[in-house]
Structure formats: C-alpha cells, structure tokens
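Lettering follows sequence order; numbering is per chain, from 1.
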Number of protein chains: 2
Amino acid sequence: MSSVAIQSRAIYIAIMTQTPPLQPEANLDPFEDFLCFSVYSTGLAFNRIYKPLLDRLGLTYLQYLAILGLAQKDDQTVSELGEKLFLESNTLTPLLKRLEAAGLVERRRSAEDERVVRITLTDKGRETAAEARCVPGELVEATGVSIESIAELNRELKALRTQLRGG
Amino acid sequence: MSSVAIQSRAIYIAIMTQTPPLQPEANLDPFEDFLCFSVYSTGLAFNRIYKPLLDRLGLTYLQYLAILGLAQKDDQTVSELGEKLFLESNTLTPLLKRLEAAGLVERRRSAEDERVVRITLTDKGRETAAEARCVPGELVEATGVSIESIAELNRELKALRTQLRGG
DNA sequence: CGCATTTAGATCGCACACGATTTAATCACT
DNA sequence: AGTGATTAAATCGTGTGCGATCTAAATGCG
C-alpha cells in the first residue's frame, strides 16, 4: 500500500494537532486530533442550534445567510453574493429561486448585460432580514465563553479559511 | 415587524463577536462578525482542500471520516459510529451502503440483537484507511500558523461544539 | 465585420444532513 | 405469556454543496 505523493505546490495548512507526516501505524484518535473534523462537527452543531429558530422564519441556515448578505447591500448579482458566501451559481441559483418563490427576493436580468442576474429583497424580504438579524441575540451565553474569546476564535478561523483558500 | 421572542431556557452560545441583543438597525457585516459563518465557510474550505486528495482514494469527505472512525475500532454498530461523527442512521445508512458497494466495509445484523447492524472493514477497507491516514500529512504548512496555535484552535472549537450540543 | 474566447448563470447528477416516519426487534411489567 | 413502550436502523422528502457541462451574452482581435 503506497502513501499518497506530496503535491508539487506544497500547501500545508495546519490540519491537525499532531505533527505530520503521520504513519499509518500511529495510534491517534482522528476525531479528537483532526481540526478539519472539529470544524465540520461544530458546523453541524451550529446548524442544529439555529434550525428551530430559523424554522419560525421559514428559512434554512443557508437561506438565512443569503438574506443577511442581501440585506447588506441592495441589487447584488449572483456572483457578488457568491463571493460573500463562498458559493457559486450551482448552489445559489436554486436557493435564490426558492427565496423568490417564497416572495422574499426578486431576480431580474440586468439591462446592460443580459448575462447578469440582479437580486433585490422584496418588502417581505426586508422584514424577514430584520427578524433574521435578531436571531443570534436569542442564543444567550450559558457558560464561560466570553465575547472576547469568541472574537479571538473568529479571527483565527477567518485566518485559517484564508489560508485554506490559498491566501 | 416583531423581534423573535427569547426562549425560556436561555441558552446563549457565543455566536458572534458583537454584543447582543442586536438591533435590526445595527450596521454590522454578518459575514465578518458571525462566528457561525466563519465555522461554516471554513468547513467548506476544508472540504475543497481535501477533495482532490480524497478523489484519488475514491472517497468523499464524510466517507473519509467514516473510514477513519471504523479503523479506530473494529465491529462497530451504526449508532456507535454515529456518536463519533455526530450523525444518525438517516445519514449513515446510505453512506455505509455506498462503502459496502465499494467493497470497503461489511454490514451484518448482530446475532444477539437483530436490530443492530455491525460494520467491519474489509481488507480493502483497511488498506484504504491506512492511506487515508496519510492524507493530512500531505497538506503542508505554507505560512505562519503553528501546530501549537492549531492545537489551541482545535481545543476551543471542541469546547464550543460541546456547548452547542447542550454541554 | 467575423469568429474564437471568455463570462454569468443555469442545469444535471451525486452525496450529504436532517426532520419525520416506518419497520422490526427487544424490553418492561403485570 | 401478553402487550405497550422503547430501541436500532432504514426510508422518504427537502435543501444544500459541488464537479461538470450547457447556454447565451459579451468581448477581443485581426
């Protein structure tokens, strides 16, 4: 059994808490030591925490993020929104059609460039966005994680994401 | 437009870097300040980094995690594996059937309790697991994130996940 | 102008996630 | 032993993510 070869452009993004390279024989617990798994499973946990709150707004987690993104700036293109969310049209187009069907956004081809689709929030969409902004305030600190340490965690994750995306 | 009511059991899980409660008028940038989004988008970035490496093993990201989980301990039940991955049978059953179809695992009903399905790695599955363990070693540090800071980040994420899951 | 190239979205197929429900087996308790 | 509750896994429907491909519009360039 051969180990997979090292890539030519040696990106190394701190993936785990143990020093690479790993030997197959190493006795490690992947789900404790792999940062990628901590990020993955924390994402699942966030999704589950948000879901009951977003259900009342009739939004999924991604739809919630999209609505917040649209509320930031009116009349964005699909690509523009995609840059904020780190997603592309293959994910956003169906999502935006669902939001349109729900009466929260309008999709219109640009007059200057017919390739471009511009998204605007409807009145109902703006109301939903305002409610969506209140959702995080509902999740209230129970134990000892301070706002400061969360801010720090957020900074670290953003730096990591930037590295993962190639700087 | 009504703000959503505070829940009776006031869980607050530090969700963002600004102090709640948020007013709808607050001029914030959700995608910079929301920890949930940093976790979400970092997860997407991890997925994309891993994909080309896992493609060579013929595994998806979740299949990779599942194989590593199965390699830790032989003859696990679906529920046992689910506890490691924070997933349930509605996600794992189809995934395990795909791994079975690929010849990497075997699924067998327990003789003692016919409700239980036990999963074992085949020889091919163990080979794949050994290769899978080498994958993180391929992702090599390019810039200034040290193993120590990654270990710290990992600890913080795990603590956060624990809180999100209700302690 | 003519035509290849590029670009923005859309479409398609596959694999997750997850709430809700179903099935079948076991347990609890009388 | 009987039966209602519980449990483990499977099934189903909806909504992401994403690689690959497609379409149509705009651009570049001789």
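Leu104(B) places a side-chain heavy atom less than 4.5 Å from the side chain of Leu59(B). With contacts defined as side-chain heavy-atom distances shorter than 4.5 Å, the pair Glu156(A)/Glu152(A) qualifies. Annotation: side chain of Leu99(B) is not in contact with side chain of Ile119(B) (no heavy-atom distance under 4.5 Å).
Non-hydrogen atoms lying under 4.0 Å from DNA chain C are contributed by Thr93(A), Lys97(A), all within residues 91-101 of chain A.
Judged by distance alone, the side chains of Asn154(B) and Ser38(A) do bring a donor and an acceptor atom under 3.5 Å apart. Looking at Ser41(A) and Arg161(B), their side chains do bring a donor and an acceptor atom within 3.5 Å of each other.
The nearest pair of heavy atoms linking Leu157(A) to Val39(A) is CD2-CG2, 4.4 Å.
Between Glu80(A) and Asn47(A), the residue anchored nearer the 5' end of DNA chain C, judged by the nucleotide with its closest heavy atom, is Glu80(A). Residues Lys51(B) and Thr60(A) each lie close to DNA chain D; by heavy-atom proximity, the contact nearer the 5' end of the strand is made by Thr60(A). Ranked by how close their nearest DNA chain C nucleotide is to the 5' end, Glu88(B) and Leu62(B) are led by Leu62(B).
Distance Arg108(A) CZ to dG9(C) C1': 17 Å, rounded to the nearest Å. What separates CG of Leu85(B) from P of dA17(C) is a distance of 10 Å, to the nearest Å. Atom CG in Leu87(B) sits roughly 11 Å away from atom P in dG19(C) (whole-Å rounding). What separates CD1 of Ile67(B) from P of dA15(C) is a distance of 15 Å, to the nearest Å. For the pair Phe86(A) CZ and dT16(D) P, the computed distance is 19 Å after rounding to whole Å. Separating the OH atom of Tyr50(B) from the P atom of dC16(C) is a distance of 16 Å, rounded to the nearest angstrom. The CG-C1' distance, from Leu44(B) to dA17(C), rounds to 14 Å in whole Å. Whole-Å rounding puts the Asp55(B) CG to dA15(C) P distance at 12 Å.
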Give me the distances for all protein-to-nucleotides 26-29 of chain D N/O pairs that come in under 3.5 Å?
residue : atom : partner   : partner atom : Å
dA26(D) : OP1  : Glu112(A) : O            : 3.4
dA26(D) : OP1  : Glu114(A) : N            : 3.0

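With respect to Glu131(B) and Arg56(B), no salt bridge is recorded, no charged nitrogen being found less than 4.0 Å from a carboxylate O. Salt bridge present: Glu100(A) and Arg107(A) bring a charged side-chain N and a carboxylate O closer than 4.0 Å.
Within the structure, every side-chain polar atom (N or O) of Arg48(B) is placed at least 4.0 Å from both OP1 and OP2 of dG17(D). Proximity of Tyr40(A) to the phosphate of dA17(C): a side-chain N or O atom is located under 4.0 Å from OP1 or OP2. For Ser79(A) and dT7(C), the shortest distance from a side-chain N or O to OP1 or OP2 is not below 4.0 Å.
For dA10(D), its base sits under 3.5 Å from the side chain of Ser89(B) at one donor and acceptor pair at least. With hydrogens and angles left out, the side chain of Asn90(B) and the base of dG19(C) share a donor-acceptor pair within 3.5 Å.
Nucleic acid contact for Gln63(B): sugar-phosphate only, since backbone atoms but no base atoms lie under 4.0 Å from a heavy atom of the residue. As judged by a 4.0 angstrom heavy-atom cut-off over every strand, Arg107(B) is placed among residues touching the sugar-phosphate backbone only.
Under the 30°/60° scheme for interplanar angles, the aromatic rings of Tyr50(A) and Tyr64(A) are found to be tilted.
Taking CG of Leu81(B) as the start and CG of Leu87(B) as the end, the distance is 8.0 Å to the nearest 0.5 Å.
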